[in-house]
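Take a look at the structure set out below.
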Amino acid sequence: MPTGSSETNADQTSQDKLHKKFTWKELSALNKPENVHVAYKGKVYDVSSFVSSHPGGVDQIMMGAGRDITHLFDVYHQPQTIKFLEKYYVGELTDVEFVTYPEEKNQFYSTLKKRVKEKFKSLQIDTKFDYKMFLLYFTYCSFCALTWYSMLISGDSYWLRGIFSSAALGIFTGLSFYSMFHDASHCCITHSPMVWRIARIIVQCVTGLSMYCWMYRHTCGHHIYTNVDIADPDCRTQVMKKEVWRLKHKQSWFKRYEYQHLYMPLFIYTFYSVIMNVQDFVVMKNLEIGRIRLNPPSTYQRREFYFMKIFHHTMRLIVPLFYMSLTSMLLYNLIYQVVLGHWILLLAQLSHLTTKVSLSEDIALQNKSWAEYQVLTTKDYDTDSLLCTLLTGALNHQVAHHLFPDVLQSYYPIITPIVRDTCKEFGIQYNCEASLPKALWEHLKYLFRMGQEPTQLKVQ
């Protein structure tokens with residue numbers, strides 16, 4: 001017996017040596033193609049040998065390298081896939097970079113996923129394919145090209161047509177952004193990584209925005225840490241710093257915030273696409289957006305980044321000068337940016353920075369699972385309107401999108417009723433406004449309320 005006990009202890013010691021302890025900072029350094037480690041529910045896995053074989057492509061697995069992929073993994077993979085991951089286990093994660101969500105206790109998300117899966121199975125629908133969406137992508141991109149050409153030939157002589165064409169170009173670019181660009185960033189346009197890459201190249205040429213930077217910001221940041229102050233790049237704020245707007249009660253108050261419901265939509269939203277374009281270069285240089293880290297891009301990704309930027313801005317700023325004066329070019333671009341900036345930012349903010357939804361500072365969010373957290377921090381609007389769904393890229397079904405980002409947006413109207421009913425069954429607050437104008441009003445009301453002077457601490 002003593003011998004057996006000794007052998008057992010020796011085996012345990014050997015296992016302890018093999019299974020390391022990793023801090024999140026140590027894990028973050030293991031993000032190169034030749035040394036890829038990921039964390040899932042506190043366990044660390046060395047998937048270096050699997051990178052080239054990943055069914056979703058190298059780009060997707062590299063995006064998760066050196067970070068906690070728990071919720072990305074759960075959303076984009078089938079539950080049985082975890083068994084495949086277990087053979088790459090190498091150790092434990094001892095701390096976390098951001099907040100962690102408790103394990104689900106009420107079976108809300110598992111029940112919801114089961115019901116959604118059964119619904120699509122009964123309808124015999126592949127949630128990553130819809131020929132109507134390909135027609136929609138083609139239509140939006142084609143109209144981007146046509147309105148750009150119409151603006152071009154308007155020149156200095158037909159300025160009224162040039163103004164109309166510029167506004168239309170802003171609209172169709174916004175539609176392309178929230179359809180093809182958004183879907184491609186979530187890898188839900190078919191099951192083929194090659195199709196995702198082609199789609200991303202096309203929409204980067206159309207919008208001028210970097211897909212590489214957007215996927216870290218949107219997929220790794222916003223979707224996992226929705227409305228979490230330190231982690232969500234879309235609502236990042238600091239307590240004492242004089243930010244451009246006040247979104248949370250814990251922020252210091254400055255008098256200019258009294259007018260944020262006016263100056264944000266009139267000025268900041270207007271130039272948001274310009275801000276995003278400039279920010280892409282800063283992000284690519286620093287490899288971070290807020291607190292979200294970007295892994296070093298491959299040579300191909302760097303070349304793609306600069307090629308798309310040069311191509312888009314040449315077509316937007318240089319080519320027009322061969323057909324019109326500098327004044328006309330600047331005027332048309334101003335109109336384009338005003339329309340596009342509002343289209344992109346307003347539609348995004350209506351669902352998260354608005355009344356009734358929760359922020360990470362709210363007591364209501366304590367001890368909530370990730371799925372419950374997504375529901376409580378998100379709001380739908382006008383979900384019965386096909387026109388609203390088309391104009392917003394299905395962002396009016398934002399709750400369904402956050403819970404099922406790997407599903408093509410045309411299928412969210414099928415998911416939303418299931419989400420609504422399941423929330424009611426489990427006693428989870430589901431937020432929805434009756435119309436798009438009402439959702440816009442609630443967003444402006446939220447900005448107004450947060451801009452008012454607190455009754456206690458005052459900072460001049």
Side-chain angles (χ1 to χ4, degrees), residues 71-72 74-79 101-123 125-128 130 133 178 182-183 186-188 218-219 222-227 232 347-359 362 364-365 368-436 438-439 442:
H71 302 293
L72 283 174
D74 286 343
V75 166
Y76 288 95
H77 298 82
Q78 295 298 319
Y101 304 93
E103 287 289 327
E104 185 175 63
K105 297 178 181 179
N106 59 5
Q107 301 301 306
F108 164 69
Y109 194 36
S110 56
T111 300
L112 179 61
K113 288 197 292 185
K114 180 181 178 182
R115 291 173 179 175
V116 169
K117 183 178 180 179
E118 289 174 350
K119 181 66 174 180
F120 284 117
K121 185 177 181 180
S122 69
L123 296 173
I125 288 176
D126 181 347
T127 58
K128 290 183 180 288
D130 185 352
M133 287 305 301
Y178 276 128
H182 196 200
D183 288 347
H186 285 291
C187 309
C188 58
H218 186 66
T219 309
H222 172 68
H223 264 265
I224 302 304
Y225 306 105
T226 311
N227 282 11
D232 185 352
L347 293 181
Q349 304 299 3
L350 297 185
S351 295
H352 297 297
L353 298 179
T354 180
T355 59
K356 299 179 184 176
V357 304
S358 301
L359 296 171
D362 295 335
L365 293 179
K368 299 296 183 183
S369 67
W370 176 82
E372 290 180 83
Y373 187 93
Q374 296 304 308
V375 176
L376 294 172
T377 56
T378 307
K379 180 191 284 188
D380 286 348
Y381 51 89
D382 206 0
T383 54
D384 294 328
S385 170
L386 176 60
L387 178 61
C388 186
T389 300
L390 289 172
L391 291 177
T392 64
L395 291 187
N396 56 326
H397 296 270
Q398 188 78 291
V399 178
H401 171 58
H402 269 256
L403 294 170
F404 300 92
D406 60 329
V407 173
L408 205 54
Q409 63 178 260
S410 57
Y411 296 125
Y412 290 149
I414 297 175
I415 296 176
T416 293
I418 304 174
V419 171
R420 185 169 53 237
D421 292 343
T422 307
C423 284
K424 184 177 180 180
E425 178 184 335
F426 281 82
I428 299 171
Q429 178 181 317
Y430 167 76
N431 303 302
C432 185
E433 297 295 349
S435 67
L436 177 57
K438 183 65 165 59
E442 293 300 318

Decide yes or no for [X] and [Y]: does some side-chain heavy atom of the first lie under 4.5 Å from some side-chain heavy atom of the second?
X	Y	answer
H402	T377	no
L436	L350	yes
Y411	D130	yes
K117	Q78	yes
F426	T111	yes
T355	K379	yes
V407	Y412	yes
Q409	H186	no

Quick one: closest heavy-atom pair of [X] and [Y], and the distance?
X	Y	answer
I428	N106	CD1-ND2, 4.4 Å
C188	P405	SG-O, 4.2 Å
Y373	K368	N-CB, 4.4 Å

Whether [X] side chain and [Y] backbone form a donor-acceptor pair below 3.5 Å:
X	Y	value
Y101	E372	no
N227	H352	yes
S122	K119	yes
K128	D406	yes

Supply the atom-to-atom distance [X] [atom1] to [Y] [atom2], rounded to the nearest 0.5 angstrom.
X	Y	atom1	atom2	answer
L390	S410	CG	OG	10.0 Å
L123	I414	CG	CD1	5.5 Å
D382	L391	CG	CG	10.0 Å
N396	L347	CG	CG	9.5 Å
H401	L395	NE2	CG	7.0 Å
F108	S369	CZ	OG	7.5 Å

Problem set entry | I415 and H397: CA distance, side-chain angles, deciding distance, side-chain contact (heavy atoms from CB on, under 4.5 Å) verdict | CA-CA 9 Å; I415 296 176; H397 296 270; over 6 Å; no
Exercise. For E442 and T354, does a side-chain donor sit closer than 3.5 Å to a side-chain acceptor?
Worked result: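 No, because no side-chain N or O of E442 sits under 3.5 Å from a partner of the opposite role on T354.
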For this session: Please check if any side-chain donor atom of H222 sits under 3.5 Å from a side-chain acceptor atom of D232, or the reverse.
Result: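 Yes, side-chain donor-acceptor contact under 3.5 Å.
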Exercise. Quick check: are there more than 12 heavy atoms from other residues, nucleotides or ligands sitting under 6.0 Å from NZ of K438?
Worked result: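 Atom NZ in K438 is packed in, count exceeds 12.
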Exercise. Has D384 got more than 12 heavy atoms of other residues, nucleotides or ligands less than 6.0 Å from its CG?
Worked result: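 No.
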For this session: Take Y76 and T219, measure what side-chain contact (heavy atoms from CB on, under 4.5 Å) needs, and give me the verdict at the end.
Result: CA-CA 11 Å; Y76 288 95; T219 309; 4.1 Å; yes
Problem set entry | Stepwise side-chain contact (heavy atoms from CB on, under 4.5 Å) test for Y381 and Q398 | CA-CA 8 Å; Y381 51 89; Q398 188 78 291; over 6 Å; no
Exercise. When you look at L112 and I418, which way does the side-chain contact (heavy atoms from CB on, under 4.5 Å) test go after all the steps?
Worked result: CA-CA 7 Å; L112 179 61; I418 304 174; 3.9 Å; yes
For this session: May I ask you to check whether H71 and H223 place their ring centres under 6.0 Å from each other?
Result: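 Between H223 and H71, the centre distance exceeds or equals 6.0 Å.
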